[in-house]
Amino acid sequence: MNAKSSFTLTIDTDELKRARRERINRIAKWILPSTVLVLSLFIWHFYVTINEVPHYILPGPLKVAESTVTDWEILWPATLVTWRLTMWALVMAVAGGVILAVAFTQSRWVEMSFFPYAVILQVTPVIAVAPLLQIYVDSAFLAALLCAWIVAFFPILSNTTIGLKSADHNLQDLFSIYGATRWQRLRYLAAPSALPFFIGGLKIAGGLALIGAVVAEFVIGRAGTGLGLASTLLEASYRFNFGRLYAALILISLMGVVIFVIMSLISHLALRHWHESALKREQ
Amino acid sequence: MCSDRTSIENRSSLLTMEHIEKVFNGDVVALKDMNLQINLGDFVSLLGPSGCGKSTALRLIAGLLSPTSGSIQWSGGQSLDDLSIVFQEPTLMPWATVAKNVWLPFRLRGQSYKAVKSRILNVLSLVGLENFEDAYPRELSGGMKMRVSIARALVTNPRLILMDEPFAALDEITRLKLDNDLLELKEKIGCTVVFVTHSVFESVFLSDRIVVMAARPGRVIRELQIDAPYPRSGGFSTSVEYAEYNRTVSDALKDAMALAA
């Protein structure tokens, strides 16, 4: 008993130290960025007030907050439009990217025929394509959706294609020995092997879908067909309404953060049991 | 000697390899004129330096490769469906639990997990992994992963199990333990094993027949019989007999190396 308790004691000093360090880290993780935020807001506020910067050059944080409240009727519907645009683009990018990736890996002919065009679609700057889409597609929303989709789908396609091809060779041999069908191979071996790659692509595509949506709104919204937040932002800049502009900008950033959090959550849920990226290392 | 064992000469043939030749890329001769008969109940080791074609021979038997010339004949009603394989790596699906990994051969034949659950749990306890069915591979040690791999190979009750240096990546102590357990399992189940290894000691301890191979071109140079009775868990590995077999096999391996040099 005596020996045992002294043994626990020696562990305890170390354990205590680590526990303390962890506790401090846990708090610091929130306190530090919050402090930076508050400080920046203060500096921003005082810079604007002391130098009497006119609000059409740089509005203070209070002015931005005020615009957010007064223009909420404009901003919120615009946020919803941009959100819908981004999410639809992402869903279509997932569908298109995955279907094409499966087709590529199932048939070399399909891959040879279409991969170069997938690359061309990717490397052509969407901002150059958007005006054309605006001409050919009647609905501004649909045209913007196509733009955002073009930007978002490639990382999903290329990542999923690599992932589907990355199954362990011995496992592939094992599947051959057990006489697995093509479908079984895809379903039980290639698809789970591709999952971490797909999720990597999804994380990139989430961000890109928003960027694509914003770019599309800039170009397509310019024709007077106001769409979402980015159109609102652009319009506000023409009117020198910088309070609203900043409010829209902040909402776009927040949307990006929300997308990032959702993607991280999906990644965690899908991979937590087995993939290295989701594992916490002991010590 | 052990009386209930069919003596090696009286065993019925499982498969015969005749004049097998395998050439890669048109000019790399991996195997040249290999002749080998494997009988039901055999524990045959293929022993040789790297490049002697022992793994190629195994892959030919598994049907993963086809011979450039020569033939592999399965005797009476036996077929490829009756074999399973254990690789050097555990080759588990990291996204599936231990039980789901062992379920794989059944799953690919369209059998539901429920229908074979008792067999899966049974084989897991046979390899000493009871209560680990819900663990993920990453939670297991190297030796335990290898046990899962063996359980997966055993679960369908195959007539022939092919093992490609299955314990080569494990530490010596784990490896000795697994060698012992493997022999016990084989006795219990009565399957046939073809075992690829580069360890003289392991091949002598496990096999009743050792096929010594040489490299460049890969070929069989000798077949040795190890007549020590099973089970060998007792004193065999410390006996004079074991030491003598080791010397004989080592000499044969030296000859094989000299041929390749």
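These numbers were taken from a predicted model, which means no experiment stands behind them. Any value given below was found using the heavy atoms of this structure, including those in side chains, with hydrogens, waters and symmetry copies removed.
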Would you indicate whether the side-chain heavy atoms of A:Asp168 and B:Glu89 approach each other to under 4.5 Å?
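No, side chains not in contact.
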
Tell me, for [X] versus chain A, whether the close heavy atoms (under 4.5 Å) come from the side chain, the backbone, both or neither.
X	answer
B:Ala153	backbone
B:Leu64	side chain
B:Arg59	side chain

Lys NZ or Arg CZ of B:Arg109 over A:Tyr178 ring: under 6.0 Å, within 45°
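Verdict for A:Tyr178: no cation-pi partner in B:Arg109.
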
Measure the [atom1]-[atom2] distance between [X] and [Y] for me, rounded to the nearest 0.5 Å.
X	Y	atom1	atom2	value
A:Asn170	B:Ser149	CG	OG	9.0 Å
A:His275	B:Tyr136	NE2	OH	14.0 Å
A:Arg187	B:Leu108	CZ	CG	11.5 Å

I need the contact set between residues 91-98 of chain B and chain A: heavy-atom distance under 4.5 Å, sorted by residue number.
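The residues closer than 4.5 Å to chain A, in numerical order, are B:Thr91, B:Leu92, B:Met93, B:Pro94, B:Trp95.
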
Would you say [X] has more than 12 foreign heavy atoms packed within less than 6.0 Å of its [atom1]?
X	atom1	answer
A:Phe175	CZ	yes
A:Leu32	CG	yes
B:Lys32	NZ	no
A:Phe141	CZ	yes
A:Phe260	CZ	no

What verdict does the side chain to side chain contact (heavy atoms under 4.5 Å, CB included) test give for A:Asp173 and B:Ile85, after you've listed the backbone C-alpha separation in whole Å, the side-chain angles of each residue and the deciding distance to 0.1 Å?
CA-CA 9 Å; A:Asp173 283 347; B:Ile85 193 161; over 6 Å; no

Measuring heavy-atom distances to chain B, does A:Leu195 have an atom under 4.5 Å in its side chain, in its backbone, in both, or in neither?
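Interface part for A:Leu195: neither.
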
Where on A:Ser193 is there a heavy atom nearer than 4.5 Å to chain B: the side chain, the backbone, both, or neither?
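The answer is both parts of A:Ser193.
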
Say whether, by atom type as modelled, one donor and one acceptor occur between the side chain of B:Arg138 and the main chain of A:His273 under 3.5 angstrom.
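It does hold such a pair.
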
Contact listing (chain B partner; residues 79-102 of chain A; heavy atom under 4.5 Å)
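Near chain B, by residue number: none.
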
